[in-house]
**Student:** 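If you scroll down you'll find the structure; I have some questions about it.
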Amino acid sequence: MHFFPWGFWLLCVAASPAQGDSGSKAKSCTEVRQFYATKGFSLHGVPQAEISGEHLRICPQGYTCCTSEMEENFAKKSQSEFEDMITEASRSAQVTLTSQYKNFDGYFQDLLNKSEKALYDTFPSIYGELYSQNVKLFKDLYSELRRYYRGSNINLEEALNEFWTRLLERLFKLMNPQYHITDEYLDCMMKHSEQHKPFGEVPRDLKLKATRAFIAVRSYVQGLSMGSDVVKKVSQVSLSHECTRAIMKLVYCPYCRGMSSVKPCNNYCHNVMKGCLANQADLDTEWRNLIDSMLLVADRFDGPSNVDTVIGTIHTRIAEAISNMQENRESVTAKIFQGCGNPKISTKASSGEDKKRRGKAVNDDKSSGLGLEKLVSDAKGKLRDIKDYWVALPSTICNEKITSSSVNEDKCWNGMAKGRYLPEVMGDGLANQINNPEVEVDITKPDMTIRQQIMQLKIMTNRLRNAYNGNDVDFQDASDDISGSGSGDGCPDEVCGKRLSKNPSTRQPEVHAIPNQSGRGVKGASSKFLPSSLLIFLSVAVIATQYLRR
């Protein structure tokens with residue numbers, strides 16, 4: 001991979017004639033002057049030939065083509081070029097994660113949109129009053145599904161239970177218009193609904209498959225977003241003073257020594273980068289855990305709970321449930337009357353046409369799944385490509401276009417002169433830099449921005465592993481506002497006001513904190529969540545303490 005800021009190595013090799021070890025001092029400094037000018041610096045005060053180098057603070061203090069001002073300018077230039085290079089290197093990983101996020105997010109939302117549109121297109125002619133009088137009921141369901149997918153603090157099982165409860169109440173009333181159905185009678189009916197199963201096995205089956213599907217897709221797309229956010233934040237971490245000096249010595253000191261065509265030794269470059277990127281390399285373990293967890297969750301997109309089928313055919317399952325109740329209306333009504341008694345006869349006249357209307361089967365326009373299969377296959381390949389991103393950074397930077405090849409180990413810049421680089425290459429991570437010969441690294445002071453990102457990766461990985469096992473983990477972040485994501489503007493009272501499930505066995509989801517993800521969060525997180533937030537904070541503090549004790 002070629003990075004423009006470092007292209008001067010090739011530039012100078014191409015622009016300068018071959019030069020032997022005993023080349024003219026004036027000639028070598030002329031080349032340095034020319035190169036210095038290409039960097040946008042003034043040639044005022046730049047020596048024509050080598051001068052004594054006692055004034056140098058970074059480069060070896062032998063004869064030199066550089067003044068103190070040149071050395072300082074080169075140091076600043078090397079810092080900005082290195083930071084640009086890190087940003088460029090991170091861009092490929094960010095593009096990979098961001099493009100995958102857009103692909104999957106668009107695909108999943110399209111599935112849900114098509115299902116909702118199919119319901120609105122077919123239900124009016126099939127169900128008449130049942131649909132026209134309850135349009136909002138169906139709209140609320142899809143709204144809740146979208147809000148859950150976008151990260152709102154919603155118990156998906158309770159949302160589905162609430163939908164079936166309200167649908168049963170409306171349908172029972174519509175099927176029995178000759179009776180006066182009170183709220184007390186409906187409460188009695190709901191107590192027996194699990195036993196009578198008026199909708200057949202559809203509610204239970206859909207709840208099982210839909211929760212697994214939505215948990216998987218929600219965690220997966222947010223994992224992609226989180227990964228991109230981590231790369232972006234880490235790539236903006238500033239260089240230390242020691243690192244700036246080391247990079248200057250690596251990159252520009254050969255020029256000050258009049259060796260414009262000599263590239264740094266490969267192992268020398270690696271030691272500088274291992275020291276400068278030591279904190280970044282410490283992301284490796286949790287980054288790999290995140291990628292592995294995402295690959296596992298992607299496997300959940302296929303199989304018995306295929307998200308293509310589950311999400312894309314919600315409308316057909318609703319139609320199937322309504323048909324089940326219509327076909328067994330006499331049996332279901334008799335059982336309800338037996339358990340709750342006969343309701344009073346209503347004095348209101350009943351309409352005769354719509355109540356007799358029976359639902360017809362809705363065409364089950366199932367997707368072939370080939371689109372999702374290709375998406376998953378491509379995503380897995382790209383995720384594996386960036387799995388070792390953090391520990392591969394030094395090698396990405398110290399490529400053959402920047403450093404000397406292995407065949408020229410005796411003719412490369414070793415930090416002092418042209419010759420072989422003897423020190424061994426350090427390991428990855430902060431702890432392994434204690435004896436780095438090129439960069440002075442304080443291993444007792446880890447970068448806190450990177451440590452925060454490590455904690456965020458741990459939290460996201462935990463969420464993905466729960467999702468793989470079908471367990472829900474609600475996101476909760478009071479600093480974000482869900483309205484900024486275009487997914488809604490909060491939870492309407494009529495939707496959220498009845499969130500208490502009538503099924504006492506409904507499991508409450510776990511609650512974990514998540515990082516800021518480009519404006520997507522939970523709107524209106526208030527003081528009622530403080531106990532959970534406190535527990536999260538304490539948990540994170542404990543983990544952080546354990547990490548620093550290693």
Side-chain angles (χ1 to χ4, degrees), residues 1 3 5 79-101 222-244 246-247 270 272-294 382-398 426-433 436 439 441-443 445-464 477 479 513-519 540 543-544 547-548 550:
M1 186 180 298
F3 298 96
Q79 177 178 355
S80 64
E81 287 178 344
F82 179 76
E83 289 173 349
D84 289 344
M85 200 162 97
I86 294 298
T87 300
E88 181 66 24
S90 70
R91 188 169 291 123
S92 61
Q94 282 184 269
V95 168
T96 293
L97 293 165
T98 301
S99 62
Q100 289 302 312
Y101 170 84
Q222 290 181 333
L224 291 169
S225 178
M226 147 78 77
S228 177
D229 195 49
V230 168
V231 174
K232 179 180 179 181
K233 289 180 178 178
V234 172
S235 67
Q236 296 171 348
V237 172
S238 300
L239 290 176
S240 66
H241 175 69
E242 291 76 12
C243 186
T244 300
I247 293 174
H270 271 81
V272 171
M273 296 307 151
K274 296 257 186 178
C276 290
L277 301 172
N279 280 283
Q280 286 86 337
D282 280 349
L283 285 156
D284 180 64
T285 299
E286 293 307 325
W287 181 260
R288 287 175 179 272
N289 288 339
L290 177 77
I291 299 298
D292 286 339
S293 298
M294 292 186 67
K382 288 180 169 59
L383 288 175
R384 292 189 181 102
D385 287 343
I386 61 173
K387 187 175 179 178
D388 64 346
Y389 171 76
W390 298 109
V391 292
L393 261 181
S395 295
T396 300
I397 295 171
C398 300
M426 298 293 100
D428 298 311
L430 191 63
N432 287 317
Q433 307 311 310
N436 192 311
V439 187
V441 182
D442 187 348
I443 65 172
K445 295 181 179 179
D447 185 275
M448 294 314 297
T449 297
I450 292 179
R451 262 49 197 179
Q452 289 170 0
Q453 297 310 304
I454 290 174
M455 295 307 303
Q456 301 290 32
L457 288 172
K458 287 184 177 182
I459 292 170
M460 190 68 235
T461 297
N462 179 63
R463 194 244 185 271
L464 285 161
D477 185 1
S479 65
I514 60 163
N516 188 321
Q517 294 184 10
S518 304
V540 170
I543 296 174
Y547 187 93
L548 293 174
R550 292 180 183 175

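This chain uses plain numbering: 1 for the first residue, then up along the sequence.
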**Student:** Could you pull out the closest heavy-atom pair between Glu83 and Leu239, with the gap in Å?
**Tutor:** OE2-N, 3.8 Å
**Student:** Gln456 and Ile459: side chain to side chain contact (heavy atoms under 4.5 Å, CB included), yes or no, with the steps?
**Tutor:** CA-CA 5 Å; Gln456 301 290 32; Ile459 292 170; 3.8 Å; yes
**Student:** Please name the pair of heavy atoms, one in Ala246 and one in Val439, separated by the smallest distance, quoted to 0.1 Å.
**Tutor:** CB-CG2, 3.6 Å
**Student:** Can you see which heavy atom on Gln94 is nearest to which on Val231, and at what distance?
**Tutor:** CG-CG1, 3.6 Å
**Student:** Is there a donor-acceptor contact under 3.5 Å from the side chain of Ser228 to the main chain of Ser225?
**Tutor:** no
**Student:** Please determine whether side chain to side chain contact (heavy atoms under 4.5 Å, CB included) holds for the pair Leu464 and Met294, giving the CA-CA distance in whole Å, both sets of side-chain angles, and the decisive distance to 0.1 Å.
**Tutor:** CA-CA 7 Å; Leu464 285 161; Met294 292 186 67; 3.5 Å; yes
**Student:** For Thr461, what residues pass the side chain to side chain donor-acceptor pair (under 3.5 Å) criterion, not counting sequence neighbours?
**Tutor:** none
**Student:** Evaluate the side-chain proximity of Asp282 to Pro446: yes if any heavy-atom separation is below 4.5 Å, no if none is.
**Tutor:** no
**Student:** Rounded to the nearest 0.5 Å, how far does NZ of Lys232 lie from OG1 of Thr98?
**Tutor:** 9.0 Å
**Student:** What is the minimum heavy-atom distance between Met273 and Phe82, and which atoms define it?
**Tutor:** SD-CE1, 3.2 Å
**Student:** Write down the atom of Ile443, the atom of Leu430, and the distance for their closest heavy-atom approach.
**Tutor:** CG2-O, 3.0 Å
**Student:** Within the 4.5 Å heavy-atom criterion, are Glu242 and Val441 side-chain neighbours or not?
**Tutor:** no
**Student:** Where is the tightest heavy-atom contact between Ala281 and Val391, given as atom of each residue plus distance?
**Tutor:** O-CG1, 4.2 Å
**Student:** Taking the side chain from Gln433 and the backbone from Asp428, do they hold a donor-acceptor pair closer than 3.5 Å?
**Tutor:** no
**Student:** According to side chain to side chain contact (heavy atoms under 4.5 Å, CB included), who are the partners of Thr87, at least two apart in sequence or on a separate chain?
**Tutor:** Arg91
**Student:** State the CG-CD1 distance between Leu277 and Ile397, to the nearest 0.5 angstrom.
**Tutor:** 5.0 Å
**Student:** With rounding to the nearest 0.5 Å, note down the distance linking CE in Met85 to OG in Ser235.
**Tutor:** 13.5 Å
**Student:** For the pair Ile454 and Val230, evaluate side chain to side chain contact (heavy atoms under 4.5 Å, CB included) and give the outcome as yes or no after the intermediate values.
**Tutor:** CA-CA 9 Å; Ile454 290 174; Val230 168; over 6 Å; no
**Student:** Any side-chain heavy atom of Leu383 within less than 4.5 Å of one from Leu97?
**Tutor:** yes
**Student:** From Met426 CE over to His270 NE2, what is the distance, rounded to the nearest 0.5 angstrom?
**Tutor:** 13.0 Å
**Student:** So, taking the atom named CE in Met226 and the one named CD in Gln453, what distance separates them when rounded to the nearest 0.5 Å?
**Tutor:** 7.5 Å
**Student:** Nearest 0.5 angstrom please: Thr449 OG1 to Asn279 CG, how far?
**Tutor:** 9.5 Å
**Student:** Look at the rings of Tyr389 and Trp287 and say which category their plane angle falls in: under 30° parallel, 30 to 60° tilted, over 60° perpendicular.
**Tutor:** tilted
**Student:** Determine, stepwise, if the pair Asn289 / Leu457 fulfils side chain to side chain contact (heavy atoms under 4.5 Å, CB included).
**Tutor:** CA-CA 8 Å; Asn289 288 339; Leu457 288 172; over 6 Å; no
**Student:** For Arg288, which of Thr285, Asp292, Asp284 qualifies under side chain to side chain donor-acceptor pair (under 3.5 Å)?
**Tutor:** Asp284
